[in-house]
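Below, read A as the first sequence line, B as the second, and so on, with proteins coming before strands; counting in each chain starts at 1.
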2 protein chains.
Amino acid sequence: MAGSDLFVGTLDVLILKAVSWGPIHGYGIGRWIRQTTRDALQVQEGALYPALHRLERKGLLEEEWGVSETGREAKYYRLTTAGRGELRAAVTRWRDYAHAVTLALDTTGR
Amino acid sequence: MAGSDLFVGTLDVLILKAVSWGPIHGYGIGRWIRQTTRDALQVQEGALYPALHRLERKGLLEEEWGVSETGREAKYYRLTTAGRGELRAAVTRWRDYAHAVTLALDTTGR
DNA sequence: TCGTATACCTTGTTCACTTAGGTATTCGCG
DNA sequence: CGCGAATACCTAAGTGAACAAGGTATACGA
């Protein structure tokens, strides 16, 4: 995942979020993650493409070939109904988890 | 780690944090994590003990046999100087990472 | 005495991510 | 025109943390 090997498991929710505003291709998803996190998160392609196929197999994403902004062939992804539900659930899970970890790291005594 | 397979990679920093107030044994660390996160995070023993050995091999923790509050044999862990430095660094990494993910999940458009 | 909590451990498996490649097209620059 | 960089896709091998599922042993209360 990140440039300095960080926390496994957040890639899926980030992908679902990136796709939530309508069709976007894989390469664009990688760019979106990098940009919106101001280079804090960097997705390796070797993690990105397998993740997309995984999410498609799970029925959370649908794919369709199209033409990118630069006039090139690109595979566009879009959320299924299940994908939209999973996005909501995953965001909630992330918030709960992040809150719990922060709670622990913020305690000032045993 | 958590009850419903969550984000890998945060166990180490939580352990370092638990140990930061002085000697504590492995079982107590597991209990501390569960309690301070109000059951949100549940550490499996199959993850906890290997993690402790890993951190010890890395020179971040030191171990010593002692006697627990209940009068039983227990292995107590304590931070090394390197461990204290790594704790600080890891907490910063976590905050940066959590902030970046939250940033992405909070955006309302592409 | 019998279950529960405490306290430690390992072995096998799974699976996300890293590393490290590969193909092909388009575009800008010298 | 040539050539590197960016775009856009992909996979195979290896790593390593966490999970699942066991195991040992002691202390304590019912």
Side-chain angles (χ1 to χ4, degrees), chain A residues 1-16 18 23-35 41-58 60-61 63-77 90 93-94 97 101, chain B residues 1-16 18-19 23-35 41-58 60-61 63-77 90 94 97 101:
Chain A
M1 167 100 218
S4 48
D5 74 321
L6 277 195
F7 312 94
V8 176
T10 19
L11 181 53
D12 290 10
V13 68
L14 289 172
I15 290 176
L16 293 175
I24 182 173
H25 52 73
Y27 196 82
I29 294 173
R31 198 168 42 205
W32 178 83
I33 292 177
R34 184 161 40 75
Q35 284 173 356
L41 268 42
Q42 194 95 10
V43 189
Q44 307 303 319
E45 299 199 340
L48 177 61
Y49 291 109
L52 287 169
H53 302 156
R54 202 163 61 226
L55 293 172
E56 213 239 332
R57 268 201 314 277
K58 283 190 197 170
L60 305 178
L61 294 182
E63 55 181 45
E64 194 184 356
W65 282 99
V67 177
S68 80
E69 320 82 53
T70 63
R72 305 187 45 192
E73 292 269 300
K75 208 185 269 181
Y76 280 81
Y77 291 90
R93 273 201 309 277
W94 160 256
Y97 177 78
V101 173
Chain B
M1 166 101 220
S4 49
D5 75 321
L6 276 195
F7 311 93
V8 176
T10 20
L11 180 54
D12 289 10
V13 68
L14 289 172
I15 290 176
L16 293 175
V19 177
I24 182 174
H25 52 70
Y27 197 81
I29 293 172
R31 198 169 41 205
W32 177 83
I33 292 176
R34 185 161 39 76
Q35 283 173 357
L41 268 41
Q42 194 96 7
V43 190
Q44 306 304 318
E45 299 199 339
L48 177 62
Y49 292 109
L52 287 169
H53 303 156
R54 202 163 61 227
L55 293 171
E56 212 239 331
R57 269 200 314 279
K58 283 190 196 171
L60 305 177
L61 293 183
E63 56 180 45
E64 194 184 356
W65 283 99
V67 177
S68 80
E69 319 83 53
T70 63
R72 306 188 42 193
E73 292 269 301
K75 208 185 267 179
Y76 279 81
Y77 291 90
W94 160 257
Y97 178 78
V101 173

B:H25 vs B:E73, test: side chain to side chain donor-acceptor pair (under 3.5 Å). Steps then yes/no.
CA-CA 10 Å; B:H25 52 70; B:E73 292 269 301; over 6 Å; no
Measure from the side-chain heavy atoms of [X] and tell me the nearest of [options].
X     : options                : answer
B:H53 : C:dC9, D:dA18, C:dA7   : C:dC9
B:E45 : D:dA8, C:dA5, C:dC9    : C:dC9
B:K75 : C:dC8, D:dA18, D:dA8   : C:dC8
A:R54 : C:dT10, C:dA5, C:dC17  : C:dC17
A:P50 : D:dA17, C:dC17, D:dT11 : D:dT11
A:V8  : D:dT11, D:dC9, C:dC17  : C:dC17

Which whole-number value in Å describes the distance from [X] [atom1] to [N] [atom2]?
X     : N      : atom1 : atom2 : result
A:R31 : D:dC9  : CZ    : C1'   : 14 Å
A:Y27 : D:dA5  : OH    : P     : 13 Å
A:E56 : D:dC9  : CD    : P     : 13 Å
A:Q42 : C:dC17 : CD    : C1'   : 15 Å
B:Y49 : D:dG23 : OH    : C1'   : 13 Å
A:E73 : D:dC10 : CD    : C1'   : 15 Å
A:L52 : D:dA8  : CG    : P     : 14 Å
B:Q44 : D:dG22 : CD    : C1'   : 14 Å

B:G46 or B:H25: which one's nearest nucleotide on DNA chain C is closer to the 5' end?
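Its nucleotide being nearer the 5' end, the pick is B:H25.
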Heavy-atom pair with the smallest gap, counting every atom of B:V13 and B:A90:
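Heavy-atom minimum between the residues: CG2-CB, 3.6 Å.
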If you take all heavy atoms of B:Y49 and B:Y27, which pair is closest and at what distance?
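So the minimum-distance heavy-atom pair works out to OH-N, 3.9 Å.
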Interface polar pairs with nucleotides 25-29 of chain D, N/O, under 3.5 angstrom:
from   : atom 1 : to    : atom 2 : distance (Å)
D:dT26 : O2     : B:R72 : NH1    : 3.0

Sort out for me which residue in A:I24, A:L48, A:T10, A:V43 forms a side chain to side chain contact (heavy atoms under 4.5 Å, CB included) with A:I15.
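Among the candidates, only A:L48 passes.
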Mind checking if B:G26 touches a base, just sugar-phosphate, or nothing, with heavy atoms under 4.0 Å?
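Sugar-phosphate contact only - B:G26 comes under 4.0 Å of backbone atoms but never of a base.
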Mind checking the CD1-CG spacing from A:I33 to A:L41? Nearest 0.5 Å is all I need.
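The CD1 atom of A:I33 sits 7.5 Å away from the CG atom of A:L41.
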Evaluate the side-chain proximity of B:W32 to B:I29: yes if any heavy-atom separation is below 4.5 Å, no if none is.
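Counting from C-beta outward, B:I29 and B:W32 never come under 4.5 Å.
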My understanding is that only residues two or more places apart in sequence, or in another chain, count here; which of them pass salt bridge (charged side-chain N to carboxylate O under 4.0 Å, His left out) with A:E63?
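Salt bridge (charged side-chain N to carboxylate O under 4.0 Å, His left out) list for A:E63, sorted by chain: A:K75.
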